[in-house]
Every structure is written in structure tokens, then in C-alpha cells.
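All chains are named by letter (A, B, ...) in the order of the sequence lines, taking the proteins before the strands, and each is independently numbered beginning at 1.
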There are 2 protein chains.
Amino acid sequence: MAGVRLQDVAEHAGVSMKTVSNVVHAHPNVSAPMRERVQRAIDELGYRPNAIGRRLATGRTGLIALAFADVRLPYFSELANVVSKAAAATGSGYRVLLEETEGTIEGERAVLSASEAGLVDGMLLQPSQMSSREIAERHGDLPMVLLGEGPAPLSVDRVMIDNVAAATVATEHLADLGRTRIAFVGHENEGLSWTSRQRIVGYQQGLESRGLPVEHDLLIPTGAIASDEAARAVGEAIDRGIRFDALMCRDDLAAIGALRALHERGISIPDDVAVIGWDNIAFDATTFPSLSSVSPNTHELARVALEMLAERIDGYDGIGRHRLVDFELALRESAPGSLQASGATSDAASDVDADVDAGASGSLSHSLSA
Amino acid sequence: MAGVRLQDVAEHAGVSMKTVSNVVHAHPNVSAPMRERVQRAIDELGYRPNAIGRRLATGRTGLIALAFADVRLPYFSELANVVSKAAAATGSGYRVLLEETEGTIEGERAVLSASEAGLVDGMLLQPSQMSSREIAERHGDLPMVLLGEGPAPLSVDRVMIDNVAAATVATEHLADLGRTRIAFVGHENEGLSWTSRQRIVGYQQGLESRGLPVEHDLLIPTGAIASDEAARAVGEAIDRGIRFDALMCRDDLAAIGALRALHERGISIPDDVAVIGWDNIAFDATTFPSLSSVSPNTHELARVALEMLAERIDGYDGIGRHRLVDFELALRESAPGSLQASGATSDAASDVDADVDAGASGSLSHSLSA
DNA sequence: GTGAAAGCGCTAACAC
DNA sequence: GTGTTAGCGCTTTCAC
């Protein structure tokens with residue numbers, strides 16, 4: 001039944017509200033017979049504590065907001081899954097309110113400037129447009145942790161992987177496979193995002209560390225972060241006569257688009273062109289060929305982010321802590337492992353059954369830095 | 001500043017709480033000077049109405065739960081996106097709490113039997129395991145609308161597409177392409193889900209309507225609803241000597257797995273084998289070849305579901321209403337349109353740029369039934 | 001070990 | 001037009 005209140009239970013059992021509350025919360029100092037009597041009343045009336053009443057009294061809502069551009073992007077849907085599981089496993093058992101910013105500055109502002117306060121205890125936000133100054137100004141006193149390599153003011157906590165290092169390692173892996181003309185695919189046509197910027201820096205470092213020249217022609221931007229745009233951009237580059245033997249992609253969507261453009265032109269992967277993507281989304285295991293990818297440790301990312309958020313919610317008020325979590329290269333058919341690769345390499349090529357979730361196919365693991 | 005209450009604003013402005021409340025809610029009967037004075041106090045103090053206090057008083061939380069198996073499945077992440085947009089556009093401006101059931105009966109029970117009441121105003125649930133009796137019993141008085149073709153008690157509202165009809169149309173399209181050995185791929189090895197059951201029925205009807213024999217060999221089940229499992233199952237079927245010239249897939253994940261299995265064996269798509277998937281997920285446009293797919297009108301699904309949910313929240317207490325929304329066949333390279341196809345067909349093959357979201361590539365549209 | 005009562009922040013019916 | 005006041009359902013001191 002709806003509308004059964006704590007008071008109703010108390011009256012029905014002939015006790016005070018406090019006693020019922022004690023039973024509901026399994027407080028130790030309630031006598032066994034009393035506990036049983038109250039429990040019977042609860043069962044008979046079908047009492048369910050009202051969440052809102054409780055929240056008003058305690059000041060905690062048990063809700064956190066998870067805000068990012070768009071759940072449809074596989075990286076974000078996988079992140080949402082990991083975060084909601086991790087949040088539920090938290091001591092406080094948080095639940096997740098989904099907020100999409102559409103990747104626009106208006107969307108990001110809207111998420112931060114909600115007209116109501118107190119709905120959520122805290123927020124996990126992956127920004128991409130707002131400046132760090134604006135983030136610092138707007139978030140007010142809402143406990144918050146930033147996700148990803150986007151803008152982040154020093155005053156706010158943030159968790160990310162080292163994008164420069166990851167791009168360097170991935171690019172070096174392609175070089176170690178014997179590739180000499182490694183192109184970068186998928187950054188914005190204009191107005192480079194923070195993400196693209198860092199990955200390109202790493203790409204360049206990887207080239208340089210292997211003594212490969214950096215050619216401007218080998219930078220292939222796309223009109224939008226989407227696989228169809230990447231397919232078109234890569235196709236046009238090829239048709240324009242640009243030649244490359246490997247593709248370092250900004251993300252898996254770009255990589256999947258590239259795969260298609262190569263297929264359409266009868267170019268063999270990885271024989272003619274090796275491909276590495278980024279994010280290690282579930283699809284990578286079943287594309288043809290399966291896709292090697294930079295695999296951020298999202299479980300660790302979620303864990304660390306929620307841990308810091310919980311501390312903020314509990315009142316921690318220090319300066320922003322910036323944490324790095326590890327990543328690895330998940331090697332599959334599109335850019336297999338090889339003896340030349342540095343580090344402990346395990347080749348997961350052609351294992352359609354690889355436990356991708358657990359990162360079982362990975363290699364070149366990079367450990368958590370403090 | 002945090003912790004500024006309505007009362008603080010009232011005192012600061014030297015008026016009553018009611019007046020402040022009137023200003024906050026833009027009530028008409030407040031004099032202009034008074035409104036300005038109060039607004040100044042609000043701004044000076046940085047007042048934000050507290051969501052929980054408001055919710056306790058009004059009894060509405062402005063939150064709805066969206067519960068399904070797993071956000072990582074593209075169909076669900078796309079659904080989450082559509083629902084959260086549609087919910088925000090609602091008169092009441094609902095926000096969405098994400099709940100995952102993991103596709104297990106325990107998960108579904110947990111979602112329905114949350115120990116707290118009142119957190120959300122209503123729930124959109126896509127069940128797959130629970131019996132309709134259990135759904136009816138457990139949901140209690142929580143306003144609820146069921147999504148999809150799973151179990152649904154007559155007492156509860158539900159929105160879905162006509163799975164049997166859609167499978168029939170898709171199968172007929174394959175037959176009209178001249179295919180005579182059309183296999184069905186991707187249903188459960190044992191314990192058929194409601195979804196698979198209905199799609200297989202439609203598949204069979206499609207075969208029969210075109211005078212094609214139904215062969216048990218052409219039913220290719222998979223160990224799990226996942227593309228790697230489908231790749232393995234289709235590969236094994238081929239290796240076992242099963243021959244087919246078309247694949248009707250239970251969902252796009254199965255179709256993508258099938259694509260891979262066919263590629264690995266050098267089988268040409270669609271020349272040797274045509275493929276149709278189900279759900280029309282975004283990836284379908286960039287697979288190689290791009291994938292034809294049954295495209296449910298999820299925008300309409302979300303709209304109708306939220307409309308009915310809003311009515312339930314507003315107290316409507318009639319018997320369960322079961323609504324169908326339309327679907328279409330999004331035709332791409334893996335099973336292109338053709339002159340033989342019935343209905344208004346538009347061939348979207350090879351249009352990597354097709355506006356898949358808008359279903360622009362579709363054909364054979366089926367209209368909303370009452 | 002149990003009960004009484006004062007809020008938590010807001011809304012809305014009712015009075016002025 | 002504006003102010004008063006009684007809740008919404010729960011938690012939580014503080015007495016008993």
C-alpha cells in the first residue's frame with residue numbers, strides 16, 4: 001500500500017515513531033519482542049520508508065549526477081555502466097542520475113547551473129567545452145569530480161589517463177611493427193578539443209622517439225566525432241593520394257570509420273595499413289579485422305572518482321587532486337603485437353572470445369600514478 | 001552560497017516566505033517593485049530553492065527511473081538518450097535515473113522492490129525475465145509503463161513495436177531479393193526470450209508467405225546475446241556445412257557478429273549472403289558492408305511511453321493500455337532495396353552519410369496503430 | 001530500551 | 001497583494 005507512514009506503523013504497533021525508526025534501521029538497542037512486534041506491523045501495513053522524507057531529514061539524497069556529452073557514444077555508455085555499478089557498491093549506495101550535455105557549452109552550463117540545489121549529493125562531470133575558469137566559477141559548492149582529459153581548474157578534483165603517454169606508446173607500437181608512414185585520424189577540423197590536442201602531442205612524441213618524420217599531410221581531421229565522418233575523411237585522403245601504412249586514431253569511432261574506408265578501397269588491414277583506435281569499446285572485438293585500441297582502465301577511473309567524490313561529500317575541502325589511472329594497449333588483428341614491441345606484449349589477435357571487459361587482451365600496461 | 005533558505009531570503013528582503021515563493025514561481029499577483037526587491041535579495045544571497053524540500057511539500061520528485069538490462073547495449077544507450085531528451089521536454093521536465101537489471105530476474109526484482117518509496121514519480125521498465133504475474137504483483141502502486149515486447153500483465157501500460165510483423169516484413173524482403181535459404185540467427189540456445197520467440201514467429205510467417213520451406217537447420221542459436229557469440233555460432237554453422245543465402249538476425253549485435261564470421265570465410269555480402277539486423281543502431285551505417293536493419297521508432301516509443309506514464313502519475317487508474325509504435329526497414333548495403341520489394345522502398349545502400357537518426361534511410365514504413 | 005518533540009526547506013490553504 | 005501557519009515523512013537529540 002502507498003501512503004503508509006512511519007507514524008501509521010507506530011500507531012498500529014502501539015509504539016512511538018522512534019521505536020519504529022530504530023527497527024527500520026536495525027538499531028541494536030531494541031528488545032527482541034519489541035522488534036518482532038514492530039516488524040509485524042510493518043509487514044501488515046506494507047510500510048516502505050519514504051525516500052524524500054528521509055532525505056530532507058538527513059540532508060543526503062543518495063544520488064549523484066553523471067554528466068557527459070552523449071550516452072550513445074560507446075565510451076560513455078560503458079562508463080555509465082561502470083560508474084553506476086561502482087556507485088551502487090559504494091558504502092552509501094549511490095544511484096546515478098544521467099545528464100547529457102550534448103557536448104555543447106550550453107549543455108555543460110545547464111548541467112552545472114541547475115536552478116535547484118540539493119537534488120544530488122555530488123557530480124561526476126566530463127567537460128569538453130567549458131574553460132576551467134568557468135568550471136571553477138560555476139560549480140559553486142556542489143561536490144564534484146572531473147572525468148577525462150578536458151579542462152580542469154586546479155581547485156577541482158579530476159581523474160584521467162595520461163593521454164600523451166598513451167598516444168606515444170600506441171604510435172611507437174605501430175612504428176615497432178615496421179610502419180614508417182603513420183597518420184593520425186579523427187581530430188576536429190577546426191578548434192581542436194583538449195582530447196585531440198593531447199593525443200596528437202603523444203603521436204608526435206611517438207614518431208620522434210622512433211626517428212620518424214612528422215608530416216603535416218598525415219594529419220587527417222574529420223568534420224565531427226563520428227565514424228561516418230571518419231570514413232569519409234580517410235577515403236578522401238586516400239583518393240587525394242595521401243599514402244600511409246598505419247593509422248593512429250583519435251578514438252574507436254574514427255578507427256571503425258577508417259576500417260570501412262580501407263575496405264571499400266580494397267586495402268588490406270593490417271598488411272597494407274595497421275590501425276589502432278582509442279577507448280577499447282566492446283565492438284572492437286568483432287569488427288573485421290578486430291581492432292587494436294588504447295584501453296583506459298575505466299573501472300579504476302570510476303573507483304577513484306567515486307572515492308574522491310565521497311570525500312568531497314563528506315566535507316573534504318582541500319585543493320583539487322589530479323589523479324592518473326592506468327591504461328594498456330589492447331592488441332588485436334588490426335595492429336597485432338610483435339616481438340619488436342617494447343614491454344610485456346601479449347597478442348590477442350583473432351580471439352573473438354577475448355574477455356575484453358577485463359582487458360584480458362591487453363599488453364603494455366601502465367600503472368597507476370599517485 | 002549553500003544553505004541559503006527561502007526564509008533567509010524573506011528576512012533579507014523584509015517580506016514573508018510566501019512572497020518570496022511567489023516570486024520564485026513567477027506568480028502573477030506580485031507587484032513589480034516587490035518582485036524586484038525580492039529578486040535582489042535572491043541574487044545577493046545566491047539563493048537556490050532546495051529540491052528536496054520542494055519535493056517533500058509537493059509530493060513530486062520530478063524523477064523517473066529508466067530500467068533495462070544494460071546501458072552498454074547500443075539499443076539501450078540510444079533509448080536512454082531518446083528518453084532523457086523526451087523526459088526533459090515533458091511539461092514536468094522529468095530527469096532520468098538510470099537503473100540496470102543486468103537482464104537477470106534478481107536485477108529486475110531489485111528494481112521493482114526498492115526498499116524506499118517515493119524517490120521517483122514513475123518508472124519505465126523493459127523487463128525480460130520476470131513473468132507478467134510477478135510484474136503485476138511487485139510493482140505495487142508505482143506508476144509504470146513497460147517497454148518492449150517482453151512479458152506484460154494486462155493491468156500495466158506497455159509500448160512496443162509489432163515484432164512479429166516486423167520480422168515478417170524483413171524476412172519477406174530477403175525473399176523478394178531472391179533468397180531462398182534464409183537462416184535466423186541469434187536467439188538463445190535454450191530458454192527462448194519473449195523477444196526471440198516473437199521474431200522467430202514472424203520469420204516463419206515471412207517464409208511461409210513467400211512459399212519458402214521452414215528448415216530447422218536454418219535456426220542458428222547463440223550462447224549469449226553478444227556479437228562475439230554470434231560470430232562463433234555462424235562460423236560453426238558454416239563450417240558444419242549449413243548453407244544459406246540470407247541471414248535474418250535477432251538483433252544488430254548478432255548481425256555484426258555474422259558479418260565478421262562471413263568475412264573470415266571470404267563469403268561476399270550481400271552477393272553470397274544478404275543480412276538484416278534489428279534495432280538500427282548507429283553502427284549499422286559504418287559496418288562493412290553497412291547493415292540493413294529493422295528500425296523501431298524509438299522517438300515515438302519514448303514519447304508515447306512518457307505520455308502514458310505522465311497520465312498514470314496524474315492519477316489515471318484504468319486498465320493497462322497496450323500501444324504499438326511503428327517501425328521501418330532501414331535498407332543498406334547488406335540487404336539493399338530492390339524493385340521486387342513491396343511498399344515504398346528507398347535504397348539507402350552505401351550512403352555512409354545517411355541520417356540514420358532520423359531514419360532517413362528507411363523504407364517499408366509501418367504506421368502507428370491505436 | 002522507549003517516547004516526545006523539534007526541526008529539515010518548501011508549499012499552499014487560508015486569513016488579512 | 002501579502003502574511004501566517006500547518007503540514008509533507010523522516011531523523012534525532014534529549015528526557016524518561
Exercise for the section: Determine: side-chain N/O of B:Thr19 to OP1/OP2 of D:dT2, distance under 4.0 Å, yes or no. Expected result: no

Practice task
Return the value, rounded to whole Å, for the distance between atom CG of A:Leu119 and atom P of C:dC8.
Solution key: 20 Å

Problem - Rounded distance in Å - NZ (A:Lys18) to C1' (D:dC14) - result: 11 Å

Problem - Most 5' of A:Asn22 and B:Val24 on DNA chain C, judged by nearest nucleotide - result: A:Asn22

Problem - Nearest-Å distance for atom pair CZ/C1', residues A:Arg48 and D:dC10 - result: 17 Å

Problem - Listed nucleotide nearest any side-chain atom of A:Ala57, set C:dG9, C:dG7, C:dG3 - result: C:dG7

Practice task
Under 4.0 Å between any heavy atoms, over every strand shown, what does A:Ser31 touch: base, sugar-phosphate, or nothing? Just pick one.
Solution key: sugar-phosphate

Practice task
Quickly work out the B:His27 NE2 to D:dT2 P distance and round it to whole Å.
Solution key: 13 Å

Problem - Closest to the A:Thr58 side chain, choosing from D:dC10, C:dC8, D:dT11 - result: D:dT11

Problem - Nearest-Å distance for atom pair CD1/C1', residues A:Ile52 and D:dT11 - result: 15 Å

Completion exercise
When rounded to whole Å, the CD to P distance for the pair A:Gln7 and C:dG3 reads 13 Å

Exercise for the section: Tell me which nucleotide among C:dC10, C:dT11, D:dG9 gets nearest to the side chain of B:His25. Expected result: C:dT11

Exercise for the section: Would you check if there is a donor-acceptor pair between the side chains of A:Glu108 and A:Ser128 at a distance under 3.5 Å? Expected result: yes

Problem - Atom-pair distance (CZ on A:Arg5; P on D:dC10), nearest Å - result: 8 Å

Handout entry: salt_bridge(A:Arg321, A:Glu311) N-O dist < 4.0 Å
Key = yes

Practice task
Tell me yes or no: between the side chains of A:Glu100 and B:Ser84, is some donor less than 3.5 Å from an acceptor?
Solution key: yes

Problem - Residue mapping more 5' on DNA chain D - nearest nucleotide basis, B:Arg35 or A:Ser21 - result: B:Arg35

Handout entry: Length of the line joining A:Leu56:CG and D:dT12:P, which is rounded to integer Å
Key = 13 Å

Practice task
Mind checking B:Met34 for me? I need base, sugar-phosphate or nothing, with any heavy atom below 4.0 Å counting as a touch.
Solution key: sugar-phosphate

Exercise for the section: Determine the minimum heavy-atom distance between B:Arg35 and B:Val30, stating which atoms define it. Expected result: NH1-O, 3.5 Å

Fill in the blank from the handout: Sorted by position of nearest nucleotide on DNA chain D, 5' first, the leading residue of A:Pro49 and B:Gly14 is B:Gly14

Problem - D:dT11 phosphate, OP1 or OP2, under 4.0 Å from A:Arg54 side-chain N/O - result: yes

Practice task
Using distance alone, with no hydrogens and no angle criterion, decide if B:Arg138 and B:Ser113 have a side-chain donor and acceptor under 3.5 Å apart.
Solution key: yes

